[in-house]
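Structure, as structure tokens:
Below, chains carry the letters A, B, ... as their sequence lines are ordered, and counting in each starts from 1.
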There are 2 protein chains.
Amino acid sequence: MTSKQEFIEKLRNSSLRPTKQRINICEVLFNRDKTFHFTINDLFILIKDKTGEKVSLATVYNTVHAFHKKGYLKEIPINSNQTYFDTNVTDHHHFFDVKEEKLIDLKNEDVGPIEIQKSIPGKKIKSVEVLVKLED
Amino acid sequence: MTSKQEFIEKLRNSSLRPTKQRINICEVLFNRDKTFHFTINDLFILIKDKTGEKVSLATVYNTVHAFHKKGYLKEIPINSNQTYFDTNVTDHHHFFDVKEEKLIDLKNEDVGPIEIQKSIPGKKIKSVEVLVKLED
DNA sequence: ATCTTCTTTAGAATAATTATAAACAAGGAA
DNA sequence: TTCCTTGTTTATAATTATTCTAAAGAAGAT
């Protein structure tokens with residue numbers, strides 16, 4: 001459980017002004033036990049439901065992108081009509097249940113080390129992500 | 001090099017009528033040495049350039065989806081504004097050069113075997129794909 | 001030839017995301 | 001505090017990839 005005050009400091013330290021909207025979004029996103037997978041629209045609805053205050057859709061987009069840029073959110077590479085984000089920014093992988101359009105975390109141990117044996121001159125590896133699609 | 005006649009047979013065997021448009025698309029997609037990564041829009045433009053005949057955008061969508069369904073194309077999971085497809089439908093992985101928005105194949109040997117140690121009751125694994133993002 | 005079914009097509013509809021520009025709020029300086 | 005600058009929010013419009021629609025056209029069977 002992170003206090004409102006801690007979110008304010010975290011935002012300040014990232015040179016993001018701690019607005020009411022951003023603090024609300026922080027509380028919805030980061031006051032959780034488990035990792036959270038969401039789309040912008042999921043979040044938009046959740047904010048209203050959980051905080052009782054409405055934040056405009058544009059602000060949700062702005063804030064999620066700002067948090068992503070600062071490294072507080074991770075974008076999950078799937079082809080879906082909507083973009084998925086993850087509050088777990090550590091190195092890890094995903095199951096994607098194609099039928100139910102649901103993401104499930106895979107711990108790094110569940111996948112084992114992945115050694116990339118090829119390299120591209122002038123480029124370095126930014127991330128290695130495994131997506132395991134599930135069917136019935 | 002596959003002949004037009006062979007494409008016609010391939011289409012018939014897949015219960016897809018061999019129309020002029022589909023044959024043109026086959027020639028653009030499958031008469032290649034190397035694997036080919038593309039977006040619908042890439043392909044739309046290429047068809048005009050390579051065959052001199054225009055195929056409507058809707059038909060390109062229809063055909064690519066039909067080929068995908070039949071297993072002649074693979075969809076590559078990246079978050080991009082456009083969906084990427086691959087003519088290499090064998091089990092393999094990708095580099096994605098984020099800056100240049102370019103895909104590069106990774107052979108299975110370049111990545112090594114991936115053992116998924118976790119399973120979800122009632123679900124089976126459909127595919128395992130690794131995406132390695134590259135930066136400068 | 002004729003008929004049925006599948007396919008193509010242009011254009012409209014949809015839906016996610018981004019841009020715009022005006023109102024507003026934060027934080028600093030006086 | 002009050003003023004000022006800069007960053008933020010907001011509703012709405014614009015953009016863009018993709019899907020839908022319905023009419024015209026082509027394939028294949030009879």
Side-chain angles (χ1 to χ4, degrees), chain A residues 4-5 7-28 37-48 51-70 72-73 75-85 101, chain B residues 4-5 7-28 37-48 51-70 72-73 75-85 101:
Chain A
K4 187 171 291 199
Q5 205 42 241
F7 287 132
I8 291 175
E9 278 159 36
K10 193 177 172 184
L11 286 166
R12 279 226 181 79
N13 292 337
S14 317
S15 24
L16 295 170
R17 285 189 184 165
T19 63
K20 191 171 43 131
Q21 291 87 339
R22 282 176 178 161
I23 295 163
N24 280 340
I25 294 174
C26 279
E27 286 186 331
V28 172
H37 302 122
F38 65 96
T39 65
I40 299 280
N41 206 53
D42 293 340
L43 181 56
F44 178 63
I45 291 164
L46 260 183
I47 293 163
K48 254 188 308 205
T51 70
E53 292 173 53
K54 197 214 169 200
V55 173
S56 86
L57 185 58
T59 299
V60 182
Y61 271 97
N62 288 340
T63 304
V64 167
H65 288 152
F67 288 3
H68 179 234
K69 207 169 191 175
K70 296 287 176 186
Y72 304 143
L73 292 172
E75 193 181 350
I76 304 171
I78 337 171
N79 289 113
S80 165
N81 50 332
Q82 286 180 95
T83 304
Y84 279 82
F85 291 90
E101 290 214 318
Chain B
K4 188 172 289 198
Q5 205 42 240
F7 286 131
I8 291 175
E9 278 160 35
K10 191 175 172 184
L11 286 166
R12 277 224 184 80
N13 293 337
S14 316
S15 24
L16 295 170
R17 286 188 184 166
T19 64
K20 190 172 42 133
Q21 292 87 340
R22 282 175 178 162
I23 296 163
N24 280 340
I25 294 174
C26 280
E27 286 186 332
V28 172
H37 302 121
F38 65 96
T39 66
I40 300 279
N41 205 53
D42 293 341
L43 182 56
F44 178 62
I45 291 164
L46 261 181
I47 294 162
K48 256 188 308 204
T51 70
E53 292 173 54
K54 197 213 169 200
V55 174
S56 87
L57 186 58
T59 300
V60 182
Y61 272 97
N62 288 341
T63 304
V64 166
H65 289 151
F67 287 3
H68 179 232
K69 207 169 191 175
K70 296 289 178 185
Y72 304 143
L73 291 173
E75 191 180 352
I76 304 171
I78 335 170
N79 288 113
S80 165
N81 50 331
Q82 286 180 95
T83 303
Y84 279 82
F85 292 91
E101 290 215 318

Please report the C-alpha distance between B:Cys26 and B:Lys10 in whole Å, then the side-chain angles of each, then the deciding distance to 0.1 Å, and finally whether the side chain to side chain contact (heavy atoms under 4.5 Å, CB included) criterion is met.
CA-CA 10 Å; B:Cys26 280; B:Lys10 191 175 172 184; over 6 Å; no

Rounding to a whole Å, what distance do you find between B:Leu43:CG and D:dT18:P?
12 Å

Are A:Pro18 and A:Gln5 close enough that some pair of their side-chain heavy atoms sits under 4.5 Å apart?
no

Between CZ of A:Phe44 and P of D:dT10 the distance, given in whole Å, is 10 Å

Atom CG of A:Asn24 to atom C1' of D:dT10: distance rounded to whole Å?
15 Å

Apply side chain to side chain contact (heavy atoms under 4.5 Å, CB included) to B:Asn62 and list each qualifying residue two or more places apart in sequence or on a separate chain.
none

Keeping the roles fixed (side chain from B:Thr51, backbone from B:Glu53), state whether a donor-acceptor pair exists under 3.5 Å.
yes

Summarise protein proximity over nucleotides 15-30 of chain C in one line of letters, 5' to 3': B for base, S for sugar-phosphate only, - for none, counting protein heavy atoms closer than 4.0 Å.
-SBB------BBS---

Return the set of residues passing ring pair (Phe, Tyr, Trp, His ring centres under 6.0 Å) with A:His65 (not counting sequence neighbours), or none when no residue passes.
none

Atom CG of B:Leu11 and atom C1' of D:dA26: how far apart are they, to the nearest Å?
15 Å

Distance check needed: D:dT18 C1' versus B:Phe85 CZ, whole Å only.
11 Å

How do B:Thr39 and A:Thr63 order along DNA chain D: which one's closest nucleotide is nearer the 5' end?
A:Thr63

Taken to the nearest whole Å, NZ/A:Lys70 to C1'/D:dG7 is 13 Å

D:dA26 phosphate, OP1 or OP2: any side-chain N/O from B:Gln21 under 4.0 angstrom?
no

Answer whether the closest heavy-atom distance between the side chains of A:Gln21 and A:Thr63 falls below 4.5 Å.
no

Provide, to the nearest angstrom, the distance between the CD1 atom belonging to A:Ile25 and the C1' atom belonging to D:dT10.
13 Å

B:Tyr84 OH to D:dT18 C1': how many Å, rounded?
16 Å

